[in-house]
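These notes concern the structure reproduced below.
In what follows, chains are A, B, ... by sequence order, proteins preceding strands, each numbered from 1.
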Protein chains: 2
Amino acid sequence: MEALADYFKVFSEPNRLAVLDALRGGALNVTAVVERTGLSQALVSKHLKLLTIAGVVRRRPEGSLVFYEVIDKGVFRLILQGDKLLLATRRQQLDALVAIL
Amino acid sequence: MEALADYFKVFSEPNRLAVLDALRGGALNVTAVVERTGLSQALVSKHLKLLTIAGVVRRRPEGSLVFYEVIDKGVFRLILQGDKLLLATRRQQLDALVAIL
DNA sequence: TGCTAACATCATGATGTCGTTATAGCGTTG
DNA sequence: CAACGCTATAACGACATCATGATGTTAGCA
């Protein structure tokens with residue numbers, strides 16, 4: 001249960017989701033991720049390290065660049081499903097609110 | 001992106017997952033959740049409040065008891081999918097380790 | 001060999017979260 | 001209405017996480 005919570009924690013940070021989103025199309029080097037996300041280089045490096053340790057992302061040095069890519073694209077399905085569920089939840093919250101008013 | 005991260009954060013806490021797990025079979029009052037999880041009453045109340053605000057759980061007072069139940073059982077599908085993905089990730093990490101040794 | 005670009009790491013401060021203890025609110029029952 | 005059980009909240013300390021700015025490290029190239 002602890003491990004699962006930690007896994008969900010990986011996706012519980014906006015900037016981390018942004019980094020993952022940047023990697024949606026395939027491998028990118030750090031600078032490219034920085035450009036796409038608008039985050040600072042230090043911050044991107046940190047999040048990529050976390051994602052690597054979590055096993056979500058693979059690190060591949062190539063010359064002077066370091067490329068990162070999502071290992072299991074099922075990650076994107078999980079994120080999508082979370083998004084769907086969130087939408088359904090928001091809709092139901094609105095319904096409940098309307099029922100009161 | 002921020003909202004989605006916050007939603008995932010709901011599931012990023014072991015005790016919160018335990019509370020949700022206790023509610024897997026249907027509605028329970030607070031004391032029942034306390035008994036099933038072994039957590040303190042105050043802590044259970046706190047997590048239930050969070051889950052309520054997040055829209056994951058519905059609060060239903062009945063006499064002097066207060067029952068809680070999961071609104072959209074799709075939540076359990078999300079948790080299951082996270083669990084599966086975590087397993088796949090762990091397996092792949094082991095494979096990568098073996099490949100090195 | 002020295003410079004530069006790309007990436008990683010460190011130290012720090014600010015903020016957030018978790019769990020506990022104690023207490024308050026509230027409905028029921030005697 | 002007094003006492004009790006159930007639930008919620010408040011206050012607090014411990015700890016984790018995040019973002020930043022500065023610095024370290026390494027590879028490639030002049």
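For B/His47, no side-chain nitrogen or oxygen approaches OP1 or OP2 of C/dC18 to under 4.0 Å. Considering only side-chain N and O atoms, B/Tyr68 lies under 4.0 angstrom from the phosphate OP1 or OP2 of D/dA8. Close to C/dT20, at under 4.0 Å from its OP1 or OP2, lies a side-chain N or O of B/Ser40. Phosphate contact (OP1/OP2 of D/dA27, side-chain N/O of A/Ser64, threshold under 4.0 Å): absent.
When the P atom of C/dT17 is taken as reference, atom NZ of B/Lys49 falls 14 Å away, rounded to whole Å. Atom CZ of A/Phe67 and atom P of C/dA8 are 12 Å apart (whole Å). Taking atom CG of residue A/Leu43 and atom P of nucleotide C/dA14, one finds them 18 Å apart after rounding to whole Å. Atom CG in A/Leu50 sits roughly 10 Å away from atom C1' in D/dT17 (whole-Å rounding). Atom CD in A/Glu62 sits roughly 15 Å away from atom C1' in C/dC7 (whole-Å rounding). B/Arg59 places its CZ atom 11 Å from the P atom of C/dC26, with the value rounded to the nearest Å. Rounded to whole angstrom, the span from the CG atom of A/Leu39 across to the P atom of C/dC7 amounts to 15 Å. Between the CG atom of B/Leu48 and the P atom of D/dC6 there is a distance of 16 Å, rounded to whole Å.
Side-chain to base pairing of A/Lys46 with D/dA19: one donor and one acceptor N or O lie within less than 3.5 Å of each other.
Considering CG of B/Asn29 and CZ of B/Arg60, their distance stands at 10.5 Å, rounded to 0.5 Å. Atoms CD and CD, from B/Glu13 and A/Glu2 in turn, are 8.0 Å apart once rounded to the nearest 0.5 Å.
Side-chain proximity of A/Asn29 to the nucleotides C/dC7, C/dG19, D/dA8 is greatest for C/dC7. Residue B/Gln41 has its side chain nearest to D/dA8 when only C/dC7, C/dA8, D/dA8 are considered.
B/Leu65 and B/Val34 fall into different hydrophobic clusters, where Ile, Leu, Val, Met, Phe, Trp and Tyr residues are linked whenever their side-chain heavy atoms come under 4.5 Å apart, directly or through other members.
Remark: nothing in residues 9-24 of chain B comes within less than 4.0 Å of DNA chain D through any heavy atom.
Distance alone, capped at 3.5 Å, places no donor-acceptor pair between the A/Arg59 side chain and the A/Val66 backbone.
A/Tyr68 pairs in a side chain to side chain contact (heavy atoms under 4.5 Å, CB included) with only one of the listed residues (A/Leu51, A/Val33, A/Val44, A/Val30), which is A/Val30. Evaluated for a side chain to side chain contact (heavy atoms under 4.5 Å, CB included) with A/Leu20, the options A/Thr37, A/Val70, A/Leu48 yield exactly one hit, A/Val70.
In the model, B/Gln93 has no side-chain atom that pairs as donor or acceptor with a side-chain atom of B/Thr89 under 3.5 Å.
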